[in-house]
Amino acid sequence: MDQAAVVAMQDCFLDDMEAILAEAASTGQKRIVMLSGGSDSFLLVAVLRHLLPDAPLHTVTIRGDDARDAEGADAVAAHFRTVHAVRRVTVDEIIAHLELVRGTGYQRTTKVFSHICYHLALTSCDIAG
């Protein structure tokens with residue numbers, strides 16, 4: 001991939017992010033990012049903070065029994081000044097949420113888990129206001 005293609009991808013990504021943010025602003029919805037503490041969610045929070053330096057930004061971390069799972073996410077949230085919630089879930093709660101993905105067409109386990117985490121994150125925040 002040449003330099004022009006990389007720049008075009010960056011521009012497209014930023015344009016898409018700005019469009020998503022404009023839509024969220026027009027509907028009054030909160031800007032919420034699921035934050036694992038890994039590089040992907042770190043990058044997303046960094047880009048959002050760059051585009052919206054002073055706007056409220058909310059992050060949610062879904063974690064299991066091991067508190068270390070959320071340490072990186074806590075550090076990222078503190079660095080980028082987000083309103084951060086940590087949602088501790090049990091295996092039983094994840095199994096109970098499997099009903100949410102029945103009929104969605106997800107076949108891969110990782111997609112099913114991502115869908116469950118998405119619903120758990122939404123229930124961890126008041127997304128309307």
Side-chain angles (χ1 to χ4, degrees):
M1 183 178 300
D2 65 8
Q3 185 66 24
V6 171
V7 170
M9 285 176 45
Q10 287 174 322
D11 290 345
C12 183
F13 175 77
L14 290 174
D15 289 345
D16 288 348
M17 290 299 297
E18 288 174 342
I20 290 168
L21 294 172
E23 181 180 339
S26 70
T27 60
Q29 292 180 330
K30 289 183 178 179
R31 295 166 191 96
I32 303 171
V33 177
M34 288 182 58
L35 182 59
S36 66
S39 58
D40 294 341
S41 60
F42 174 90
L43 175 63
L44 188 55
V45 172
V47 168
L48 288 171
R49 185 49 77 211
H50 173 75
L51 293 173
L52 302 166
D54 299 317
L57 180 60
H58 300 260
T59 52
V60 177
T61 298
I62 306 297
R63 74 168 188 88
D65 289 333
D66 190 347
R68 293 175 296 180
D69 293 346
E71 288 175 3
D74 289 340
V76 170
H79 177 77
F80 289 108
R81 304 172 326 278
T82 70
V83 178
H84 187 61
V86 176
R87 173 78 188 267
R88 185 184 169 281
V89 295
T90 64
V91 171
D92 290 338
E93 190 173 10
I94 291 173
I95 290 171
H97 277 77
L98 283 174
E99 284 299 316
L100 294 171
V101 296
R102 290 196 196 284
T104 61
Y106 291 126
Q107 300 297 319
R108 293 181 27 220
T109 306
T110 55
K111 293 290 185 184
V112 170
F113 185 70
S114 295
H115 192 74
I116 291 169
C117 287
Y118 170 76
H119 281 277
L120 291 169
L122 291 180
T123 61
S124 300
C125 294
D126 174 15
I127 62 169

- Message: Could you go through L35 and V60, starting from their C-alpha distance and side-chain angles, then the distance that decides it, and tell me whether this counts as side-chain contact (heavy atoms from CB on, under 4.5 Å)?
- Response: CA-CA 6 Å; L35 182 59; V60 177; over 6 Å; no

With [X], which residues qualify under side chain to side chain contact (heavy atoms under 4.5 Å, CB included), at least two apart?
X: Q3; answer: V7
X: A78; answer: none
X: A55; answer: R31, L52
X: F80; answer: F42, V45, A46, R49, V76, T82

Heavy-atom side-chain proximity of [X] to [Y] below 4.5 angstrom:
X: R87; Y: T61; answer: no
X: V33; Y: H58; answer: no
X: V47; Y: L14; answer: yes

- Item | T59 OG1 to D74 CG distance, which is reported to the nearest 0.5 Å | 8.5 Å

- Distance in Å, S36 OG paired with L44 CG, rounded so as to fall on 0.5 Å steps: 10.5 Å

- Note on the structure: Contacts satisfying ring-ring contact (aromatic ring centres under 6.0 Å, His included) that involve residues 8-40 (not counting sequence neighbours) are none

- Item | Which residues share a salt bridge (Lys or Arg N to Asp or Glu O under 4.0 Å) with R88, sequence neighbours left out | D65

- For residues M34 and S41, report the shortest heavy-atom separation together with the two atoms involved. O-CB, 3.5 Å

